[in-house]
2 protein chains.
Amino acid sequence: MSDRHDSPVQMPVFEYAACTATLRRRILGNNPLFSDLQEGDIKEVNRRFSSQSFDQGETVIRAGQRAERFYILATGAAKLIQPQESGRMVLHDILSTGDYFGAIFGFGYGPGEYGETVITDSPMCSISIDSRAFRSILTDYPKVALRAVDAFSNRLSLAYEMLGRLGSSSVESRIAFVLLRLAAKLGRPWEGKTLIHAPLTREDIASMAATSTESCSRVMSDLRKRGLIDAGRRWVAIVDPPGLEELLS
Amino acid sequence: MSDRHDSPVQMPVFEYAACTATLRRRILGNNPLFSDLQEGDIKEVNRRFSSQSFDQGETVIRAGQRAERFYILATGAAKLIQPQESGRMVLHDILSTGDYFGAIFGFGYGPGEYGETVITDSPMCSISIDSRAFRSILTDYPKVALRAVDAFSNRLSLAYEMLGRLGSSSVESRIAFVLLRLAAKLGRPWEGKTLIHAPLTREDIASMAATSTESCSRVMSDLRKRGLIDAGRRWVAIVDPPGLEELLS
DNA sequence: CGTGGTCTTGAAGCACCTCAAGTTCGGTGG
DNA sequence: CCACCGAACTTGAGGTGCTTCAAGACCACG
């Protein structure tokens, strides 16, 4: 093949970062959830969180387990996965710094179980808090609760948008959408392109776009030949964002 | 055709209810959002809401408009619709008493536009509040904010479940899921069946299940012949819930 | 230098969509 | 009260985008 992608670009490196106290403070301070808080309040909130670190491939929480903790991802990346009854796994999102997961439901509401599984994609470090303690933070600091509402409604509208696209467009358009979404969230400039900073397999992308690995591979090969994206083993970069956007049916 | 569905069952009637002051109070009092509030607080909250009524087929809010109000549906039913760039309309939900819609985003967040269109399915009455005033309610009454977080996270997990099913199952299974979901939300006992209390066309159901009207019609005819559901013009009833559940791949 | 996971490519089959026509029914006006 | 009209629904037939199955190539890793 002539235009085979030759130089296997330098893979994005996922540095291992210890969950130091300073890192914790920084994560909390930068998180939109707590951006309305005073310095002293953040210190107080920080005390209620604990931190933990994981190797690549570890399961942080598992769907079906009792939902006891609320997590904020500090460094690294993780997959947000929904297991289907059929056994198939659906990938909903790649979580990165500042993203939330875990227990977020009320006690009376729902069965009190995690709805999704989270598996690390790299060495990862997170901070977490008992869900009851988190709820008391929300009542102690109403502005945090307001931010939480915002965060959820944002994620909800994203889910709704994806739902709309899933039903009414081609595989190519869905993949383009997934790639643009990931690039917006995880993109880093690299050789004039936008590298999606996460180890993404074709299967991952296929799962997010609700298609098969093979179809995903075919479409992405085509996109590469057309100069819209660049991709190799476990990595993807966007070359021509406007061109990709035109594909969103 | 032999087993043609003969007697066009008495259509569910959507009574017109005026947005009286007592109704308003009742809606607020029964809504989980305010269930932690004292009698006096509810009275105070009630004062900040206004009410409005609509005829069938009216557009309450339109996607793209400036998001200025937060709504709670009081009586009647409405469609939550997402317009696609392609012109296609995707039906996300049938809203009924107690459901929220409208402005729910933070001011810094997002473009401050409604993301969806809401069109009444029957005469409808709703109460609403300026989104800034609603946000100050959330900060004034932290427990309400907590309930809001719960409500959104519930809707989010529902959306995620639907996302998972859309990609990985057959049209039949998707339609079964949509029908069960609607029945859980809008079902009313009727002649030993569970009537979905809303005027649903095949097109509506097809849109929710991300399929074509024709495929939806075919599948539903089949389900009827197998005795799992019953259906006519603009109505559906579940006959055999366990039977339907078996179809969820 | 082998081994396994990742990715590609081909070919066959099918579930679903689209197009098209016809039927049924609820509503409306004569 | 009946005849008509249009919306909702059904059914058929054909085409196809996608999945599935299968095999091979590539590359990172030990």
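Residue numbering restarts at 1 for every chain, and letters A, B, ... go by the order of the sequence lines. Since this is a predicted model, take the numbers as computed values, not measurements.
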Let me know the distance between [atom1] of [X] and [atom2] of [N], rounded to the nearest Å.
X: A:Arg224; N: C:dT6; atom1: CZ; atom2: P; answer: 17 Å
X: A:Trp235; N: C:dG5; atom1: CH2; atom2: C1'; answer: 18 Å
X: A:Gln56; N: C:dG5; atom1: CD; atom2: P; answer: 15 Å
X: A:Asp222; N: C:dG10; atom1: CG; atom2: P; answer: 13 Å
X: A:Leu223; N: C:dC7; atom1: CG; atom2: C1'; answer: 15 Å
X: B:Ile175; N: C:dC17; atom1: CD1; atom2: C1'; answer: 13 Å

Requested in this report: Check the pair A:Ile175, A:Arg202 against side-chain contact (heavy atoms from CB on, under 4.5 Å), reporting the backbone distance first and the verdict last.
Outcome: CA-CA 10 Å; A:Ile175 287 180; A:Arg202 300 289 181 275; over 6 Å; no
Quick one: pull up [atom1] in [X] and [atom2] in [Y] and give me the separation to the nearest 0.5 Å.
X: B:Ile205; Y: B:Met220; atom1: CD1; atom2: CE; answer: 4.0 Å
X: A:Leu223; Y: A:Asp230; atom1: CG; atom2: CG; answer: 11.5 Å
X: B:Thr117; Y: B:Leu91; atom1: OG1; atom2: CG; answer: 11.5 Å
X: A:Gln82; Y: B:Glu161; atom1: CD; atom2: CD; answer: 6.5 Å
X: A:Ile238; Y: A:Ile229; atom1: CD1; atom2: CD1; answer: 6.5 Å

Requested in this report: Return each pair, listed once, that meets ring pair (Phe, Tyr, Trp, His ring centres under 6.0 Å) where at least one residue sits in residues 58-80 of chain A; pairs must be two or more places apart or across chains.
Outcome: A:Phe70-A:Tyr100, A:Phe70-A:Phe134, A:Tyr71-A:Phe101
**Report entry** Residues in ring pair (Phe, Tyr, Trp, His ring centres under 6.0 Å) contact with A:Phe152, at least two apart in sequence or another chain
**Finding:** none
Query raised in the report: Are the side chain of A:Thr201 and the backbone of A:Asp204 linked by a donor-acceptor contact shorter than 3.5 Å?
Result: yes
Query - Aromatic ring pairing B:His92/A:Tyr160, orientation class (parallel under 30°, perpendicular over 60°, tilted between) - result: parallel
Query raised in the report: Which nucleotides of nucleotides 15-23 of chain D have their base under 4.0 Å from a protein heavy atom (B), which only their sugar-phosphate (S), and which neither (-), written as one string 5' to 3'?
Result: ---SBBB--
Query raised in the report: What is the per-nucleotide protein-contact pattern of nucleotides 2-7 of chain D, from the 5' end, where B denotes a base atom under 4.0 Å from a protein heavy atom, S denotes such proximity for sugar-phosphate atoms only, and - denotes neither?
Result: -----B
Query - side chain to side chain donor-acceptor pair (under 3.5 Å) between A:Ser126 and A:Ser128, intermediate numbers included - result: CA-CA 7 Å; A:Ser126 63; A:Ser128 71; 5.7 Å; no
**Report entry** Audit row: A:Ser215, A:Ser212, side chain to side chain donor-acceptor pair (under 3.5 Å) steps and yes/no
**Finding:** CA-CA 5 Å; A:Ser215 291; A:Ser212 67; 3.1 Å; yes
Requested in this report: For the helix from C:dC1-D:dG30 to C:dG30-D:dC1, figure out the bend between the end axes, five pairs an end, and round to 10 degrees.
Outcome: 40°
**Report entry** Residues B:Asp93, B:Lys185: salt bridge by 4.0 Å N-O rule
**Finding:** yes
**Report entry** Near-strand residues of residues 200-207 of chain B, defined as heavy-atom separation under 4.0 angstrom from DNA chain C
**Finding:** none
Query raised in the report: Just to confirm, is there a sub-4.0 Å distance from OP1 or OP2 of D:dA8 to any side-chain nitrogen or oxygen of B:Ser217?
Result: no
